[in-house]
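Just so you know, these numbers come straight off a predicted model, no measurement behind them. Numbering of residues begins at 1 and proceeds along the displayed sequence.
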Amino acid sequence: MPVLNDISGTAALSICESLLLALNDRNILPEKEIVGILRDAAAAHEFADHADQAEMHAAVVALINGILAGGNSVRRR
C-alpha cells in the first residue's frame with residue numbers, strides 16, 4: 001500500500017487541478033493567471049533553501065513543469 005503522504009499528495013493535486021479548471025471554466029481566473037500560479041508554485045520549490053530535501057524539491061518542480069507542459073490544469077483554447 002502506498003505511503004499515506006503519497007495518497008494525501010495525490011488527492012491534493014487532483015483537487016487543486018480541478019479547482020484551477022473550474023476557475024478557468026467559470027471565467028474567474030484567465031489561463032494566464034493559472035499558469036502564473038503554477039509557475040510561482042514551481043519557483044517556491046526551485047529556490048527552496050532545504051539542502052536535506054533538495055531531491056524532493058527538484059521532483060516537485062519537475063512535476064509542476066510537467067503539468068504546465070501538458071496543460072493538465074488549463075484547458076488550452
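Residues Val35 and Leu68 share a closest heavy-atom pair of CG1-CD2, 3.8 Å. In terms of heavy-atom proximity, Glu31 sits nearest to Asn24 at N-ND2, 3.2 Å.
Distance check, rounded to the nearest 0.5 Å: OG of Ser18 to CG of Leu23 gives 10.5 Å.
Ile15 meets the side chain to side chain contact (heavy atoms under 4.5 Å, CB included) test with Leu19; sequence neighbours excluded. Residues passing the side chain to side chain contact (heavy atoms under 4.5 Å, CB included) test with Ile37, sequence neighbours excluded: Leu20, Leu29.
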Report, one line per pair, each donor and acceptor closer than 3.5 Å where one atom sits in a side chain of residues 41-63; sequence neighbours left out.
| unit_1 | atom_1 | unit_2 | atom_2 | d |
| --- | --- | --- | --- | --- |
| His45 | ND1 | His57 | ND1 | 2.9 |

